[in-house]
Amino acid sequence: LPADALRDTLTAASDAVERYIDEARALTPPSRARSIRSGIVGDLERAGRAIAMVEHGATIMVNVRRGNRELEGQTSIKRGYLNLLHARQAIAGHVAAAEGLDSESDDTQDLLRRSA
């Protein structure tokens, strides 16, 4: 897609990540899973920064068509994309860690329940 066509998608993605961060912060995990929640919040924040980097690159690409600024825009988009991939992989790791906790334990019955 051309860079200017990404604006709505990036805005929606950024809004979604912010909502996910708020939801993750509202979770009240048992003590054994607090680090998992913290990791999820941190990696969602990382994803938000990555989306902002892609937005920055797309803005440059819309406003400049050649030269060093165009290369800066391309680099920003690529770095943001790679950071999104890494954040997604890290979040998948947190999910696996949460699933690996002993589900028989009373302390992990509702591993990531919302606070009341």
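Computed over heavy atoms, backbone and side chain alike; hydrogens, waters and symmetry mates excluded. In this chain, numbering begins with 1 at the start of the sequence shown.
- Atom OG of Ser14 sits about 12.5 Å away from atom CZ of Arg49, to the nearest 0.5 Å.
- Closest approach of Ile36 and His94 over heavy atoms only: CG2-O, 3.7 Å.
- When the side chains of ILVMFWY residues are joined at heavy-atom separations under 4.5 Å, either directly or via intervening members, Leu6 and Leu84 end up in a single hydrophobic cluster.
- To the nearest 0.5 angstrom, Met61 atom CE is 5.5 Å from Ile77 atom CD1.
- Counting heavy atoms from C-beta on, the side chains of Thr59 and His56 never come closer than 4.5 Å.
- Annotation for Arg46: atom CZ counts as buried by contact number, over 12 foreign heavy atoms lying within 6.0 Å.
- A pairwise comparison of heavy atoms in Gly80 and Ala50 identifies O-CB, 3.4 Å as the closest pair.
- The distance from the OG1 atom of Thr75 to the CD atom of Glu70 is 10.0 Å, given to the nearest 0.5 Å.
- Of the possible donor and acceptor atoms, none in the side chain of Ser76 sits under 3.5 Å from a partner among the backbone N and O of Glu72.
- Shown here are the salt bridge (charged side-chain N to carboxylate O under 4.0 Å, His left out) partners of Arg25, two or more places apart in sequence or in another chain: Glu45.
- Rounded to the nearest 0.5 angstrom, Asp43 CG and His86 NE2 are separated by 11.5 Å.
- A chain of hydrophobic side-chain contacts below 4.5 Å, direct or via other Ile, Leu, Val, Met, Phe, Trp or Tyr residues, connects Val17 to Ile40.
- In this structure, Arg88 CZ and Asn83 CG are separated by 13.0 Å, a value rounded to the nearest 0.5 Å.
- In this structure, the side chain of Arg37 does not engage the main chain of Pro29 through any donor-acceptor pair within 3.5 Å.
- Among all heavy-atom pairs drawn from Arg32 and Leu101, the shortest one is NH2-CB, 3.9 Å.
- Note that CG of Asp15 is 11.0 Å distant from OH of Tyr20, once rounded to the nearest 0.5 Å.
- Across every non-hydrogen atom of Ile51 and Leu10, the tightest pair is CG2-O, 3.8 Å.
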